Structure formats: structure tokens, C-alpha cells
Amino acid sequence: GGGGGGGEGSGGEGSDDERGGGGGGGGEGKPKRELKRPAEAVANPRLVREYCEQLVVPAVNEAACALLAEVQRFQERLYLRDPLKASQKKRFVCGLREVARALKSNKAKVLIVAHNIERITAEAGLDDMVSQLITLCAKKQVWVYDEAAKASTLQHEDRDKEVFLVFAMTRKALSRALKRSAKTSVVAVLNHDGASEQYARLEALTRGARLAYRQLTSAGASDSGGDGTLPAPADERFLVNYVTQGRQAAVDPLLMRPSLCRVDDEEASPCDLGRWLGSLGSLAES
């Protein structure tokens, strides 16, 4: 529909964007390259890949969903008024190639990456593409001319202001937030005007989740491999169920180290994630 104007077209993200390469069969003389799903590429909603250097918790997921729902609403409203203008002034784009294009052209303001992207380690595969997107949040591409070589090379330079990076939600949840049928791995928000309240909340909670991740992993690095029950900081991990006040929530297993992270001299625990991350968000902002 028109509301998904930030997408990359009918091909969607379930095509070769998700398989780490092109289909390979353009011309008559070229044999088609058969795309096979690697055995290690497993779709698991509880998987938290090792690239997520941030706690994955419901509070951040809800804040990300609220921001995406709002920018999608603005995009859909504009599409209903003027489809041509909506296609020229996108609020967001999704899909690996479209997001990479937005980052390289310095149009992206926020990048939201699903925490359970499948592992495909082939050369120029999905893992390489995700790593490139994360790098482009902090670095921009510039052409640098070498006088001696009489040639220009593409190099990375630090951005004046980094693209805000968030690890939140599953691929399926990202697609639902944007009212898309195809599963979505990455979303770049190009314009969050009118959703400043939602963005401010997401930013504060994400900064808190990053700070908590650093505290937990640094404090727990020495004992993370002792009994084999807790993941090492650099490993992938799996969300665990935690029941509080009669409700079950999937929380980051790093939070099972509550004694290693304290806020205002109070023990941090999954029981009060909203208050806990809110306090960390305030600390990060200050």
C-alpha cells in the first residue's frame, strides 16, 4: 500500500537483499546461480546477534515501535494527499540496499536494526552488509584525491554527528510496525519531524541500554564463562522469559546479572525495567 512508501519496491527485503547477493542470472549467456539457504541461517525470534552492543529489552522495543508507527502514519497520510510528493519526500526507507544508499548519501537520521538477523557469513553476504551499515552510522564515505597516484579513492571519515543506531525488535515486529508484509531487517528514518517526543524517548532509553550493556559486559567479562550459564559479551545470546506482576516478558539474558549493575545504589533487576532504563537514560543524557 501507499503507507509503505519507504520501502524499496515490490522486490522487498525477502529477495536477494536477505540472501547476501544478487540472483545472478541476468543475461542469456550467464548461467543462473542457485541461491541456497545456508544451514546456519536460522530464523529465531529470541536470537540476539553479537553485533547488538546494547541491551535488548521491551522498553526500547516499544519506543522504537512508537517512533516507526508515527513516521509511517505521516508517510501514509502524505501518500493519500499527494502520491508523487510522498515518493519524493520519504520519511523512512527499509531494506539493506535502500538503507545503505540513505547512509551513503547522508540522509539517514536514525538506523533501527533487528536483533535477530540471520547469520550468513559468505563473502559479501548478509553479515558483511549489516557490518557495513553499522560502520556507516559512525563513518561517512568521501572521495580523497591522491596527487602522487593521480587517482581518487573512497575512504571513511568520522561523521560530525553520528546516525543514531538502535538495536530493537525482531524482523517480523519491524515489518508489523511499518505495516509491511515482508520481514524487515533494517529501517532508516530520514525525517522524524512531528515525532520528536517519540524520538527523544527512544534516544534516552537506547543510551541507557547501551550504558547498561557496557557496565554488565565489563563487570561480567571475568565470570561470564565460569559455569557456562551466561553468554560471553562477544557471543550471540538468546532472550529469556521473565515473569513479573503476572506478565511474561522476553528480556536480555545479560540482565540475569543484576548484582553487577546498580542505579542509585539500588540493585537493577528485570522486575522494573522501565524505571531502571529510565534512570540510565537520564544518566546518559546528563
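Quick caveat, the model's predicted, so the values are computed rather than measured. Numbering starts at 1 and runs along the sequence shown.
A distance of 5.5 Å separates CG in Leu216 from CG in Leu55, rounded to the nearest 0.5 Å.
Counting heavy atoms from C-beta outward, Val187 and Val93 have side chains that stay 4.5 Å or more apart. Counting heavy atoms from C-beta on, the side chains of Ile117 and Leu126 come closer than 4.5 Å. For the pair Glu70/Arg73, a side-chain contact is recorded, criterion being any heavy-atom separation below 4.5 Å from C-beta on. Between Arg49 and Arg119 there is a side-chain heavy-atom pair separated by less than 4.5 Å. With a 4.5 Å cut-off on side-chain heavy atoms, Thr135 and Leu133 do not count as touching. Val71 places none of its side-chain heavy atoms less than 4.5 Å from the side chain of Asn191. The shortest side-chain heavy-atom distance between Pro45 and Lys172 does not fall under the 4.5 Å cut-off.
Closest heavy-atom contact between Ala63 and Leu205: CB-CD1, 4.0 Å. Counting all heavy atoms, side chain and backbone alike, Asp127 lies closest to Thr121 at OD2-CG2, 3.3 Å. In plain terms, the two heavy atoms of Arg46 and Ala250 that are nearest each other are NH1-CB, 3.7 Å. Between Ile112 and Leu202, the closest heavy-atom pair is CD1-CD2, 4.4 Å. Contact record, Ala209 with Gln54: CB-CG, 3.6 Å, taken as the closest heavy-atom pair. Taking each heavy atom of Ala86 and Gln75 in turn, the nearest pair found is O-NE2, 3.2 Å.
Cation-pi check for Arg210 over Phe164 is met; the charged atom lies under 6.0 angstrom from the ring centroid and within 45 degrees of its normal.
The residues Glu118 and Lys183 are annotated as not salt-bridged, no charged nitrogen and carboxylate oxygen being separated by less than 4.0 angstrom. Taking the charged nitrogens against the carboxylate oxygens, Arg159 and Glu162 have no contact shorter than 4.0 Å, which rules out a salt bridge. A salt bridge links Glu76 with Lys179: at least one charged nitrogen is closer than 4.0 Å to a carboxylate oxygen. For Glu203 and Arg207, the salt-bridge test passes: some basic side-chain N is under 4.0 Å from an acidic carboxylate O.
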Intermediate values then yes/no, side chain to side chain contact (heavy atoms under 4.5 Å, CB included), Val189 and Arg91: CA-CA 6 Å; Val189 177; Arg91 287 277 187 155; over 6 Å; no

Verdict with reasoning, Thr184 to Arg171, per side-chain hydrogen bond (donor to acceptor under 3.5 Å, both in side chains): CA-CA 5 Å; Thr184 305; Arg171 295 176 59 228; over 6 Å; no

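Glu197 CD: 12 or fewer foreign heavy atoms inside a 6.0 Å radius.
Between Phe167 and His115, the distance from one ring center to the other does not fall under 6.0 angstrom.
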